[in-house]
Amino acid sequence: MRFAERMGRITSSASFDMLARGKALEAKGRSIVQLGIGEPDFDTPAHIRRAAENALAEGYTHYGPPAGLPEFRALIAKTWRARRGLACEAANVVVTPGAKPVLFFAMLATLEPGDEVLIPSPAFPTYASVAEFVGARAVPVPLAAERGFDVDLGALKSRLTSRSRMLVLNSPHNPTGAVLPRSTLEALAALALERDLIVLSDEIYAGMVYEGESPSIATLPGMAERTVVVDGFSKTYAMTGWRLGFGVMPEPLARHMATLMNNSNSCTATFVQKAGEAALTGPQDEVVKMVDEFRARRALMVDGLAAIPGVTCTRPSGAFYVFPRVSRPGLTSVELADQLLEQAGLVTLPGTGFGAESEGHLRLSYANSRANLSEGLKRLAGALAPGTRAGSPKR
Ligand SMILES: Cc1ncc(COP(=O)(O)O)c(C=O)c1O
């Protein structure tokens, strides 16, 4: 079979590959600690699961409208007006199977070949992959690591050209956990207005902020008209496997996105949308409990990493990742992650999976039990100890 040229421009993210490699070793009897994949280890709250069961019993087993059930779109709009201050109505909301389709469809609907997409990096790898796939050019802009991975406005401005068309923001941020301050968002909004940029604002971790606020750029004057907010239920409600996400965007784009849904997925599973309704209208105490637990795990990780010689790590304000710098002379971050997996039974992700500028970093997810995090830190410390061969295999 011959494949389309465009397949050479799309990539798979390392997190799923590393998860599979860890699982394969586990199947052979090895003890593996998975700190690679970004997925809450909690079960979906019981009332949400029950709502899906009830919806199935009530006959929510048919096609629904491509953009989502009208009552669910209205509920999302009402909830996001209250929670995030977004000026939106049901017509601005499109429900999709997970958050990823929103960014895929937004790029498909707005980018022409040769358009440039500015991506502060390191970044979630899907942004560059999809931008290139649709024929645009991904332009990485190094984040200011020394300022807690804030966006570097000077670096961003220096990469603007007449083809600059879209700016991708992700706050709270994967892989660094950084949250963009309001002052940065204001400066970026001014730039987007001046240069007529579309902003793709991935806010999927907005429910996981450990101190301060994580405002949405879409709430700033003039920005709702040019911003696509990417959000969903995967992280906040521990619903990764349900595939339930949504976008909030200008109405004309929402109509195009509905057409793309119509031609690809037809619709998001209707009983899953009913479960999403229960997630939004039901008690939020389990979400609060999960966030409190993540806050405690963040302390465990940051303190644990600080105690390992040769490792430095900023304290993230949101999401559930740390992105330490791990100096291991003579080893690339891919080689180091391989060695940690093969020899110490520890799954991490190499920094370069998030952009070439992140050589020397690893991403560790603390969406795992405190016992596993402690064991992971022990294995990392053992593997990095001077004079020792990277951790002995544990069986
Ligand atoms: C920044 C970011 N955006 C989007 C997603 C995708 O979310 P979903 O699983 O709902 O498609 C992820 C998942 O890891 C993510 O980290």
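Both backbone and side-chain heavy atoms feed into the values below; hydrogens, waters and symmetry mates do not. Each ligand, and each atom within it, is numbered from 1 in the order the structure gives.
- No more than 12 heavy atoms of other residues, nucleotides or ligands sit less than 6.0 Å from atom CD of Glu112.
- With a 4.0 Å cut-off on non-hydrogen atoms, Tyr205 touches ligand 1 through its side chain and not its backbone.
- Protein heavy atom nearest atom 6 (C) of ligand 1, with residue, atom name and distance: Lys100 CG, 3.8 Å.
- Taking every non-hydrogen atom of Asn174 and a distance limit under 4.0 Å, the qualifying atoms of ligand 1 come out as 1 (C), 15 (C), 16 (O).
- Interface of Asn170 with ligand 1, defined as ligand atoms under 4.0 Å from a residue heavy atom, comprises 1 (C).
- Val117 places none of its side-chain heavy atoms less than 4.5 Å from the side chain of Leu200.
- Taking every heavy atom of Tyr127 and a limit of under 4.0 angstrom, the matching atoms of ligand 1 come to 1 (C).
- The single protein non-hydrogen atom nearest to atom 12 (C) of ligand 1 is Phe124 CZ, 3.4 Å, given as residue, atom name and distance.
- Judged as a ring pair (Phe, Tyr, Trp, His ring centres under 6.0 Å), the pairs with a partner in residues 74-93 (not counting sequence neighbours) are, in order, Trp80-Phe246.
- Taking the six-membered ring where tryptophan is involved, the planes of Phe72 and Phe233 are tilted, since the angle between them lies from 30° to 60°.
- Annotation: Tyr321 places no N or O atom under 3.5 Å from an N or O atom of ligand 1; distance criterion only.
- Residue contacts with ligand 1, taken as heavy atom pairs separated by less than 4.0 Å, do not involve Val230 at all.
- For ligand 1, the atoms closer than 4.0 angstrom to any heavy atom of Lys235 are 12 (C), 13 (C), 14 (O).
- The closest protein non-hydrogen atom to atom 9 (O) of ligand 1 is Arg243 NH1, 3.0 Å.
- Distances below 4.0 Å separate heavy atoms of Gly98 from the following atoms of ligand 1: 10 (O), 11 (O).
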- Intermediate values then yes/no, side chain to side chain contact (heavy atoms under 4.5 Å, CB included), Arg297 and Glu293: CA-CA 6 Å; Arg297 293 173 183 183; Glu293 176 59 23; 3.0 Å; yes
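- Among the atoms of Leu244, none of the N or O lies under 3.5 angstrom from an N or O of ligand 1.
- Open room surrounds CZ on Arg6; 12 or fewer heavy atoms of other groups in view lie less than 6.0 Å from it.
- At a 4.0 Å heavy-atom cut-off, ligand 1 does not touch Glu39 at all.
- Between Phe294 and Phe42, the ring center distance clears the sub-6.0 Å criterion.
- In this structure, Arg298 and Pro316 approach most closely via the heavy-atom pair NH1-O, 2.6 Å.
- Residues Tyr210 and Ser317 form no side-chain contact, since every pair of their non-hydrogen atoms from C-beta on lies 4.5 Å or further apart.
- Taking atom 10 (O) of ligand 1 as the reference point, the nearest protein heavy-atom neighbour is Ser234 OG, 2.6 Å.
- A donor-acceptor contact shorter than 3.5 Å is absent between the side chain of Ser129 and the backbone of Pro125.
- Short contacts between ligand 1 and Asp202, defined as distances under 4.0 Å to a heavy atom of the residue, involve ligand atoms 1 (C), 2 (C), 3 (N), 4 (C).
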